[in-house]
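Worksheet: the structure to be examined is printed underneath.
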Amino acid sequence: MISLLCDALFHLGNAYGKIGEYQKALDCFIRASELTPENPYYYLAAASALDRAARVEEAIALYEQVLEKEIDPRYRESVETRIRELREI
């Protein structure tokens, strides 16, 4: 049941992000990550929402938390690159 709710929150967050409602997207991703803290991809989605909302310092902090979790190496490389890019802003 929790898994279905988290999936729904994730998809709703993505929909909000597509229309520029980054705070609403962030709220969905954060709620999903609270329900399943072992899933790093909800944290990644939340970091991305912060990033798109130009909340740079918060995005970096959350991206760094993502790196502390076990994620696919391809995502890890992308996150590391994005952190470097954001630090140059």
Side-chain angles (χ1 to χ4, degrees):
M1 184 73 165
I2 295 291
S3 176
L4 290 175
L5 176 58
C6 289
D7 285 347
L9 286 166
F10 180 75
H11 291 295
L12 181 59
N14 282 330
Y16 278 131
K18 286 180 182 177
I19 61 170
E21 292 284 348
Y22 301 121
Q23 184 59 52
K24 289 180 182 178
L26 177 63
D27 292 342
C28 290
F29 299 139
I30 293 296
R31 183 64 182 132
S33 66
E34 290 170 347
L35 292 169
T36 53
E38 69 279 359
N39 186 328
Y41 300 103
Y42 298 139
Y43 291 92
L44 181 56
S48 179
L50 288 167
D51 191 348
R52 289 179 290 178
R55 293 166 60 179
V56 175
E57 294 303 318
E58 293 169 278
I60 290 171
L62 199 48
Y63 280 135
E64 288 174 338
Q65 287 181 25
V66 169
L67 293 177
E68 294 172 6
K69 299 181 179 300
E70 190 154 330
I71 61 172
D72 182 297
R74 293 171 293 174
Y75 287 108
R76 178 171 297 283
E77 185 177 321
S78 294
V79 169
E80 290 169 344
T81 298
R82 188 60 186 148
I83 289 171
R84 282 192 302 276
E85 291 169 348
L86 288 171
R87 285 191 172 135
E88 293 175 4
I89 292 176

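- Of all non-hydrogen atoms in Ala32 and Cys6, the two that sit nearest each other are O-SG, 3.7 Å.
- One finds the NZ atom of Lys69 at 11.0 Å from the CG atom of Leu67 (value rounded to the nearest 0.5 Å).
- In Glu38, the CD atom is crowded: over 12 heavy atoms of neighbouring residues, nucleotides or ligands sit closer than 6.0 Å.
- Note that CD of Glu57 and CD1 of Ile89 are 9.5 Å apart. Values are rounded to the nearest 0.5 Å.
- Of all non-hydrogen atoms in Ala59 and Ala47, the two that sit nearest each other are CB-O, 3.8 Å.
- Just one of Arg84, Glu77, Glu85 meets the side-chain hydrogen bond (donor to acceptor under 3.5 Å, both in side chains) condition when paired with Thr81; it is Arg84.
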(message) If you apply the rule side chain to side chain contact (heavy atoms under 4.5 Å, CB included), what do you find for Tyr63 with Ser48, and how did you get there?
(response) CA-CA 8 Å; Tyr63 280 135; Ser48 179; 4.1 Å; yes
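- Rounded to the nearest 0.5 angstrom, Tyr75 OH and Leu44 CG are separated by 7.5 Å.
- Asn39 contributes atom CG, which lies 13.0 Å from atom CD1 of Ile2 (distance to the nearest 0.5 angstrom).
- Heavy-atom minimum distance, Asp72 versus Tyr41: N-OH, 3.0 Å.
- Checking Asp27 against Tyr16 by side-chain atom types alone, no donor-acceptor pair falls below 3.5 Å.
- Under the 4.5 Å side-chain heavy-atom criterion for Ile, Leu, Val, Met, Phe, Trp and Tyr, Leu5 and Leu12 are members of distinct hydrophobic clusters.
- Between the CD1 atom in Ile83 and the CG atom in Asp51 there is a gap of 10.0 Å [rounded to 0.5 Å].
- One distance of note links CD1 of Ile71 with OH of Tyr43; it measures 13.0 Å at 0.5 Å rounding.
- One hydrophobic cluster, built from ILVMFWY side chains closer than 4.5 Å, cannot hold both Tyr42 and Val79; they sit in different ones.
- Checked by atom type and distance alone, the side chain of Ser33 pairs as donor or acceptor with a backbone atom of Ile30 at under 3.5 Å.
- The cluster map of Ile, Leu, Val, Met, Phe, Trp and Tyr, joined by side-chain heavy atoms under 4.5 Å apart, puts Leu62 and Val56 in the same cluster.
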(request) Start with the C-alpha gap between Asn14 and Phe29, add the side-chain angles, then the distance that decides, and say whether side chain to side chain contact (heavy atoms under 4.5 Å, CB included) holds. (result) CA-CA 9 Å; Asn14 282 330; Phe29 299 139; 3.6 Å; yes
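- Closest non-hydrogen pair, Ala25 versus Ala49, comes out as CB-CB, 4.4 Å.
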